[in-house]
Asks: 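Below is the structure I would like to discuss, written out as structure tokens.
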2 protein chains.
Amino acid sequence: MSDGAQFRQVSPVRLYQRIVEQIEQAIVRGDLKPGQRLPSERELVTQFGASRPTVREALRVLESDGLVRSRPGDPNGPEILPFSPAGLTKQMTRLVQFDNVSMAELISFRMILDGSASSLAARLRSEEELSVMERTIAVMADAIEAGYEEFGKADVAFHEAVAVAGRNSLIQVCNQVVRGAVLALISDKVAHAHNSATLMRESLRHHQEVLEAIRAGDGLAAARISRRKLYEYYAGYVPENERGPLLALVDDEES
Amino acid sequence: MSDGAQFRQVSPVRLYQRIVEQIEQAIVRGDLKPGQRLPSERELVTQFGASRPTVREALRVLESDGLVRSRPGDPNGPEILPFSPAGLTKQMTRLVQFDNVSMAELISFRMILDGSASSLAARLRSEEELSVMERTIAVMADAIEAGYEEFGKADVAFHEAVAVAGRNSLIQVCNQVVRGAVLALISDKVAHAHNSATLMRESLRHHQEVLEAIRAGDGLAAARISRRKLYEYYAGYVPENERGPLLALVDDEES
DNA sequence: TGAGCTTACTGGTCAGGCCAGTCATAGCGG
DNA sequence: CCGCTATGACTGGCCTGACCAGTAAGCTCA
């Protein structure tokens with residue numbers, strides 16, 4: 001068949017890439033588990049039959065991908081790291097900076113993710129998960145006096161709990177990433193503006209409403225409240241003429 | 001204030017990282033635009049005051065991040081690449097393989113993204129965008145005889161058009177990434193299974209229904225149909241006892 | 001037994017070199 | 001005059017060997 005005779009573009013594979021692939025696959029396969037150590041650079045040199053600079057290039061790439069970490073003088077060699085979405089966050093942040101993704105799109109995306117997570121949580125949550133959410137909200141209430149630092153942490157914990165109850169770690173990770181990206185863009189403005197007991201109390205109330213909807217198993221309401229809450233919270237950072245898509249999400253279930 | 005006196009953990013910054021940062025920021029700032037060239041390695045050595053292995057480590061990291069590309073013998077030096085979500089895809093794929101994200105979660109996420117995109121598109125689409133979608137559907141219809149290869153391309157094009165009309169490039173990119181991850185997991189099974197005119201015709205009909213809902217401006221219907229379509233298409237790849245969360249999404253707007 | 005020193009490692013960095021490839025250009029033949 | 005080819009000055013890919021500043025384990029000595 002002619003399909004099988006098609007040729008793909010080739011690109012020369014560098015030595016260091018082969019090394020990266022081997023180590024990467026060993027980690028993915030589970031042959032190398034987090035916490036375990038790689039042989040020392042000089043030992044890898046003999047195992048791979050490449051020179052030290054080449055081995056080091058591979059290690060630098062793996063390190064930049066968040067798979068391993070080298071520490072000078074460590075006699076045990078580079079450490080295999082547990083998975084972390086940090087790499088995803090980095091790429092996502094890059095996407096935002098590069099492709100000039102607007103604040104509006106970012107928040108729109110958060111509304112979608114958070115709304116979906118709440119909706120799923122409303123349908124799938126167990127009793128224990130519900131009580132975890134209640135506890136995080138209690139922490140939020142206590143943290144109002146402690147300042148935005150503490151409050152923010154509890155806020156994040158609540159959203160994590162919702163995402164967990166929604167049975168979807170992708171939403172969890174993406175939401176985390178997008179939240180990070182949003183904060184990176186408005187970090188200076190937000191630090192003081194949100195350090196207000198009034199705002200925090202309002203935010204707390206919104207969270208409580210979401211929790212109520214989740215408890216009631218009302219996915220639509222949970223999603224709607226989540227989205228509206230986010231819109232009210234962040235709309236101020238979006239130019240007025242770009243708020244259309246956001247409002248479309250707020251109205252989503254009502255028309 | 002005591003907040004200001006808090007110390008953060010420090011980690012020794014390697015030389016190559018400083019180089020990566022500088023080049024990275026130059027790209028982000030726009031000082032270096034895609035297509036432009038970096039100085040040669042030996043020139044960078046003098047500019048950064050580092051040795052060639054160090055400069056090369058930095059270049060390898062940038063290359064692995066998809067920011068630049070080095071070609072042997074190229075007298076113009078490494079090329080600045082246009083942004084591509086390939087890095088995101090790589091990280092997302094890693095997330096899937098590592099954190100053992102299940103097929104169910106992947107598809108659940110696609111249903112959310114695609115549904116949201118359709119819903120947004122229904123509310124925000126312009127007439128031109130509508131006609132673009134119509135054209136891609138026409139291409140799909142024509143491609144049924146040409147085999148799944150062509151059909152798949154047109155399929156992707158339709159979803160792209162919807163995402164564009166939804167005014168959210170994040171959805172676009174994420175959807176693309178997740179679709180890639182799904183295909184990577186089931187590529188072998190899907191190649192022949194989907195190469196069936198019956199399946200393609202059914203898929204085409206589903207797409208037409210989505211388009212109708214978008215044309216009518218009915219966001220809810222567009223989202224519901226999108227999700228249902230994806231569920232029917234992919235449910236076979238998900239173990240039965242994991243389909244609960246997916247069904248929760250299908251029923252989402254009906255209860 | 002415990003505190004301090006020695007030593008054998010580790011990774012970080014450098015200098016310099018060889019090779020194969022690419023490309024522009026100079027010089028050739030037409 | 002034009003087109004082709006050969007040359008040479010580059011490029012990146014890779015290697016060798018070396019030095020340094022750390023770490024940590026083991027040894028010595030009080």
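All chains are named by letter (A, B, ...) in the order of the sequence lines, taking the proteins before the strands, and each is independently numbered beginning at 1.
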Asks: Would you say the side-chain atoms of A:E41 pair up with the backbone N or O of A:V55, donor to acceptor, closer than 3.5 Å?
Replies: no
Asks: So what does B:R69 hit on the nucleic acid, given a heavy-atom distance under 4.0 Å: a base, only sugar-phosphate, or nothing?
Replies: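 It contacts nothing in the nucleic acid.
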Asks: Verify whether one side chain among B:E43 and B:Q47 offers a donor that lies under 3.5 Å from an acceptor in the other.
Replies: yes
Asks: Mind checking if A:L15 touches a base, just sugar-phosphate, or nothing, with heavy atoms under 4.0 Å?
Replies: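 If one applies the 4.0 Å heavy-atom cut-off, A:L15 turns out to touch the sugar-phosphate alone, with no base involved.
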Asks: Would you tell me if any nitrogen or oxygen in the side chain of A:R52 comes within less than 4.0 Å of OP1 or OP2 on D:dT16?
Replies: no
Asks: Taking only side-chain nitrogens and oxygens of B:T54, does any of them come within less than 4.0 Å of OP1 or OP2 of C:dC14?
Replies: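 Yes, B:T54 has a side-chain N/O under 4.0 Å of OP1/OP2 on C:dC14.
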Asks: Which is true for A:P53 with a 4.0 Å heavy-atom rule: it touches a base, it touches only sugar-phosphate, or it touches nothing?
Replies: base
Asks: Kindly say if B:S40 contacts the phosphate of D:dT11, meaning a side-chain N or O under 4.0 Å from OP1 or OP2.
Replies: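 Answer is yes, contact under 4.0 Å.
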Asks: Return the nearest nucleotide to the side chain of B:S70; candidates are C:dA15, D:dG12, C:dG12.
Replies: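 The nucleotide sitting nearest to the side chain is D:dG12.
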Asks: Look at the side-chain N and O atoms of A:R42 and state whether any lies under 4.0 Å from the OP1 or OP2 oxygen of C:dC9.
Replies: no
Asks: Regarding A:R71, tell me which of base, sugar-phosphate or nothing describes its non-hydrogen contacts under 4.0 Å with the strands shown.
Replies: sugar-phosphate
Asks: Ignoring the backbone of A:R14, work out which of C:dG12, D:dG12, D:dG13 is nearest its side chain.
Replies: D:dG13
